[in-house]
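So the structure is just underneath, and the comments pick up after that.
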Amino acid sequence: MTTLLMIIGFGAATSVVVGLGQKLKLPWPALMVLIGIAGAFIPTFAEITIEPELILPLFLPPLLFAAAQKTSWALFAIRWRTILGMAVALVGVTVAAVAGSALLLIPGITIAAAIALGAMLAPPDPVAVDAVAGTVSIPRRIMSTLQSEGLFNDAASLVIFQTAMAAAMAGTEVDYGQLAISFLVSAVIAILVGLLVSFVVSWVMEKIDHTIARSSLMLMLPFGVYLIAEHFHASGVIAVVVAALEMRRRDVEGNSAERVTQNSTWQVLEMLITGIAFGLIGLDLRMVVESEHADLGRAIIVGLIIAVVIIGVRFGWLLLGTILSRRHTEDDPDAAPLNLRDATLMTWGGMRGLATIALALSIPATTDTGEIFPGRSYILVAAAIILLVTLVLAGLTFPAVVDGLGIDDEAEREHQATKDIALRAYKAAIRQIKNDDSLPDEVAEPLRARFKTLHAQLLGTTDDQASSEQATAFKEHREQMLTVQKKAMQSARAEVLRARRERGTDPEIADKVLRRFDLQSVLVR
């Protein structure tokens, strides 16, 4: 009952904090961590514990699935160099740097335990980045790169962590050849599981005509594919991402009502699950620190040094990325990072989250031989420090960093690109209405006004009086307006899809316009 009370409390707090964060222009996930830390001082909440092995299966699949649906196979095909460089190579470099630092700073720690610490702290959290960045205006290309990195880096980190932990528990050395093979096998099996499960689910959904039932099956998909992949000792993270991308690809021609239902459901669930997860992180931070009896002051200093190492390695890697990006701008004109400003923002956007806290809490007190796990107290405190620095501190200061870098200027140009595509769609719809010579003025005029309102909504403005007049006309000529409006919507969507295929167009911007048309086509029924 206490755990249920905690979930309800964090869920309710999320609803309030989201609105508060919007008014204060502060990232609400960081605020939820602070609320969780405060909740740890309430005796009832302080006693709550969730098994570490349940944290990732409960929270990670739906959040990864929701994040992956905001991207596409096409984007991965374009940015595969960046994704491999940041989600795999950068993870490996970070693990090596942290492990080396730990061996110098933490007394008694073994190489295997140091590598486990590095794997625990290496992966930035895509959910944290997505939620925090949503409070400010940053370029889509930077946001999509951070999201793409976060979708796959957990997979590399988890394989390294599990291999290192097995060696640390047995008191042996890490077999690096076996580690590489394990990662490759895990990734291949996970891809196959993701593709197979998404195919089966798509086939089943074709046999179901009930929109709500189909949407319910989609909600179960990320949990199912994650558990199936883990059962076969594959990466549940990669399996979920592959399934999400494949379901999106197969749903291109799906009906608008279903897309709107699923989008709305996922938005609500994503917000609540994110809030509860980050509240839990704050709740567990105190337990992580207070459960140890080592020299807390020295452990904090060690944690701060490791935090500096992690930030420095990431910044250096991204600076190297600015050089490499210039060589491939023809393949991907929207690549990131392109300059020092990009590298700085993406460094500050490398926030740790769920994976770090879950792996930290999974470290046992003793090894298989009954000895105290080497350096455990320092490892746990370091994890807490990294979360405080890269999530809470970075999250609360993220808006100020964006303002200081002037990065919002480029975001404004992206907004202009949205306006251009919206205008093309609006003109296509108006042409379709004009081409229908059988329409009387009392029908054509309200339709033109309706699409003008839709165009205004895409630009972030509305006209309530015009909307009211359209509603009145719509009631009087419902059937005729529905028929013509459907054709106009199809023309507008076709123009957006045409723009989406053009070189230099950000597909995410085009998708944003398409989602608005999907929503409108449902609302006018």
Side-chain angles (χ1 to χ4, degrees), residues 60 64 67-68 70-98 118-130 132-133 138-161 180 183-184 186-187 190 235 237-238 240-242 245 307 309-329 331-356 386 390-391 394 398 407 508:
L60 200 56
L64 275 176
K70 298 173 184 176
T71 183
S72 64
W73 284 120
L75 186 64
F76 278 98
I78 294 172
R79 298 187 178 170
W80 64 270
R81 295 184 185 88
T82 302
I83 293 170
L84 285 178
M86 297 188 69
V88 180
L90 177 55
V91 166
V93 172
T94 304
V95 170
V98 172
M120 178 199 313
L121 304 180
D125 191 318
V127 178
V129 174
D130 196 19
V132 168
I138 65 173
R140 180 68 235 174
R141 63 184 182 83
I142 294 180
M143 190 64 220
S144 62
T145 301
L146 290 172
Q147 288 173 332
S148 300
E149 172 199 10
L151 290 175
F152 283 103
N153 57 19
D154 282 348
S157 296
L158 287 172
V159 171
I160 296 174
F161 179 82
F183 177 73
L184 291 176
S186 172
S235 170
V237 172
I238 293 179
V240 170
V241 173
V242 169
L245 293 174
V309 170
I310 289 175
I311 294 172
V313 167
R314 183 173 178 84
F315 183 66
W317 186 269
L318 289 170
L319 280 180
L320 177 62
T322 63
I323 300 173
L324 299 177
S325 294
R326 292 167 188 159
R327 299 180 181 177
H328 302 290
T329 51
D331 296 332
D332 182 12
D334 294 324
L338 292 177
N339 48 48
L340 179 61
R341 187 180 65 172
D342 287 1
T344 302
L345 182 64
M346 293 175 68
T347 298
W348 212 236
M351 303 170 194
R352 273 56 178 176
L354 280 175
T356 296
I386 297 301
T390 65
L391 177 57
F398 199 74
I407 205 81
E508 297 299 322

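- Ala119 and Phe161 get closest at one heavy-atom pair: CB-N, 3.6 Å.
- Inter-residue side-chain proximity for Thr344 and Leu318 is flagged as unmet; no heavy-atom pair is nearer than 4.5 Å.
- Put simply, the side chain of Arg314 gets close to the backbone of Met346: a donor and an acceptor are under 3.5 Å apart.
- Phe183 places none of its side-chain heavy atoms less than 4.5 Å from the side chain of Ile160.
- Closest of all the heavy-atom pairs between Ala68 and Leu245 is O-CD2, 3.5 Å.
- The CH2 atom of Trp317 lies 13.0 Å from the OG1 atom of Thr347; values are rounded to the nearest 0.5 Å.
- Only one option out of Ile310, Ile386, Val313 pairs with Val98 in a side chain to side chain contact (heavy atoms under 4.5 Å, CB included); it is Ile310.
- A distance of 8.5 Å separates OG1 in Thr145 from CG in Asp342, rounded to the nearest 0.5 Å.
- The distance from atom CE of Met86 to atom CG of Leu146, rounded to the nearest 0.5 Å, is 6.5 Å.
- For the pair Leu340 and Thr322, the minimum side-chain heavy-atom distance is 4.5 Å or more.
- Rounded to the nearest 0.5 Å, atoms CG (Leu84) and CD (Glu149) are 12.0 Å apart.
- Formation of a donor-acceptor pair under 3.5 Å by the Thr356 side chain with backbone atoms of Leu121 is not found in this model.
- A donor-acceptor contact shorter than 3.5 Å is absent between the side chain of Ser157 and the backbone of Ala122.
- Heavy atoms only, all atoms of each residue included: Val159 and Ser186 are closest at CG2-OG, 4.1 Å.
- When every heavy atom of Pro123 is checked against every heavy atom of Asn153, the shortest pair comes out as CB-OD1, 3.7 Å.
- For the pair Ser235 and Leu158, the minimum side-chain heavy-atom distance is 4.5 Å or more.
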- Query: Going through the checks in order, is the side chain to side chain contact (heavy atoms under 4.5 Å, CB included) test met by Arg352 and Asp125?
  - Reply: CA-CA 5 Å; Arg352 273 56 178 176; Asp125 191 318; 5.8 Å; no
